[in-house]
Amino acid sequence: MSSNICKAVKKSGEQCKLKANSSGYCHIHYPEKIAERKAKQKANELVRFEMPSKTFSQRRGLKAVPTVIQVESMNQDLRNSLWNVLSENFFREYSNNSRASYYGVSVDSFVKYIWKDHFKKPLETLSLLTIINSMLVEDLLDYFQNREWYEVYDFLEIAINYFKSPHLVKEINYILERELAGYRFVGNGFTPITNEQEVEMLECAVEDKDFPAVASHLKCALSLMSNRENPDYRNSIKESISAVESLAKHITGKPKATLAEALKTLESSKKLHPALKKSFESLYGYTSDEGGIRHAMLNDPNLTAHDAKFFLLSCTSFINYLKSKI
């Protein structure tokens, strides 16, 4: 009977007691299987290879380097790359398997949601396509390739929020950065952020559970600023300022505290240099209710996305700085 026992020795020094196959080893210690598992592990550990920032033809001046950030447009390279992220993560598998899932969520349920609630098409038309899943995926690809640039972002927002996959967010933001797109996915939607450091800074503040009121104001500022159909820059700025004031109240422990009081507290505790305190008081003079920069700025009828972005990033940067001091 011992001849039917695997001849492999475990790391503990004990002999494996599982039943051996014709090779003399069990299914776990079979040499070819071990080699296959090691190969898969090695493949999974490979990091994304690095390409030069410019191709050979670009370095030689034979091809123009794309320098214009894609804000109100989406070229074919960007469209294709974004679709490939969706395809590699779940659509390709779904083409051959209607039971495919991604991050524990049925891909088929996502497709039905898109069809019924986003496209607002009759479910009967979906039933015809789901007979052959590959035809349905081709139909979605056709939509992705031919709709307006902002409708592609709408589609991506739904996918990311439906599956709640950090991996999907990471890959899509990587493509947006690589292709010089003017948006990144932060919080639960796309926002006009063009710098990776800005994204990290915002994410840090928006996701901070230690200061929920501050995070809530910043999320609202993001939402108002990035609403493509009806952006509200004025109220976005108000929310950004309110986030700073909310932190000021937390620092002093006084619900009616002002930013000036918070700065004075930090100065007296030697955590803020007097010159720096003075500069912040001047820069954030718009936190006063009347007569300050806030009053003048918010009555300006020509506020733009650039104004809202400046306030959001400035306030977020200052908030993160104050947190580091407390």
Side-chain angles (χ1 to χ4, degrees), residues 166 169-170 173 177 184-189 191-226 232-300 303-326:
V169 173
K170 183 178 179 180
N173 277 343
E177 180 185 8
R184 300 290 187 275
F185 191 89
V186 180
N188 62 351
T191 192
I193 304 296
T194 59
N195 181 286
E196 201 60 33
Q197 286 70 38
E198 293 172 350
V199 174
E200 292 177 5
M201 180 180 68
L202 271 173
E203 284 181 331
C204 178
V206 167
E207 301 299 333
D208 193 345
K209 296 180 181 180
D210 292 332
F211 302 90
V214 177
S216 179
H217 284 300
L218 291 177
K219 285 179 181 178
C220 190
L222 264 174
S223 177
L224 291 167
M225 183 182 76
S226 59
D232 189 345
Y233 303 131
R234 179 169 283 99
N235 282 314
S236 175
I237 292 171
K238 287 181 180 179
E239 289 295 333
S240 295
I241 297 170
S242 295
V244 178
E245 291 175 332
S246 178
L247 185 59
K249 293 174 183 178
H250 179 91
I251 292 173
T252 59
K254 300 175 183 178
K256 295 183 179 180
T258 65
L259 179 58
E261 291 177 42
L263 293 175
K264 187 175 181 180
T265 300
L266 287 172
E267 182 188 23
S268 61
S269 61
K270 307 297 183 181
K271 292 181 179 179
L272 191 63
H273 191 278
L276 188 56
K277 168 183 173 283
K278 186 176 181 180
S279 65
F280 278 140
E281 282 182 331
S282 298
L283 181 61
Y284 288 91
Y286 50 74
T287 57
S288 60
D289 290 329
E290 294 293 337
I293 301 174
R294 168 192 272 188
H295 186 71
M297 174 67 95
L298 297 184
N299 283 327
D300 185 349
L303 292 175
T304 67
H306 297 290
D307 296 312
K309 180 180 176 182
F310 170 77
F311 275 65
L312 176 61
L313 294 177
S314 297
C315 289
T316 303
S317 180
F318 189 40
I319 284 168
N320 288 338
Y321 177 78
L322 288 180
K323 285 179 184 177
S324 72
K325 292 297 181 181
I326 61 174

Seminar exercise, completed: Distance col, row Lys249:NZ vs Lys254:NZ, nearest 0.5 angstrom, shows 13.5 Å
For this session: Measure the CG-OG distance between Leu263 and Ser268 for me, rounded to the nearest 0.5 Å.
Result: 10.5 Å
Exercise. So, do Val186 and Val169 sit near enough that their side-chain heavy atoms are less than 4.5 Å apart?
Worked result: no
Problem set entry | Ile319 CD1 to Ser246 OG distance, which is reported to the nearest 0.5 Å | 8.0 Å
Exercise. Hey, does Met225 have a side-chain heavy atom less than 4.5 Å from the side chain of Pro192?
Worked result: yes
Exercise. Is a donor on one side and an acceptor on the other found under 3.5 Å between the side chain of Asp232 and the backbone of Leu224?
Worked result: no
For this session: Kindly compute the distance separating CG (Leu247) from OG1 (Thr252), expressed to the nearest 0.5 Å.
Result: 9.5 Å
Exercise. Does any N or O in the side chain of Asn320 come within less than 3.5 Å of the main-chain N or O of Ser317, such that one atom is a donor and the other an acceptor?
Worked result: no
Problem set entry | Distance, nearest 0.5 Å, that separates NE2 of His217 from SG of Cys315 | 11.5 Å
For this session: Check whether any side-chain heavy atom of Leu312 sits under 4.5 Å from a side-chain heavy atom of Lys309, and report yes or no.
Result: no
Exercise. So do the side chains of Ile237 and Asp307 get within less than 4.5 Å of each other, counting heavy atoms only?
Worked result: yes
Problem set entry | Pairs meeting criterion salt bridge (charged side-chain N to carboxylate O under 4.0 Å, His left out) with involvement of residues 204-224, two or more places apart | Asp208-Lys323
Problem set entry | Minimal non-hydrogen separation, Ala308 against Tyr233, with atom names | CB-CD2, 3.8 Å
Seminar exercise, completed: Distance col, row Thr316:OG1 vs Leu222:CG, nearest 0.5 angstrom, shows 7.5 Å
For this session: Identify, with sequence neighbours excluded, every residue that meets side chain to side chain contact (heavy atoms under 4.5 Å, CB included) alongside Lys264.
Result: Lys277
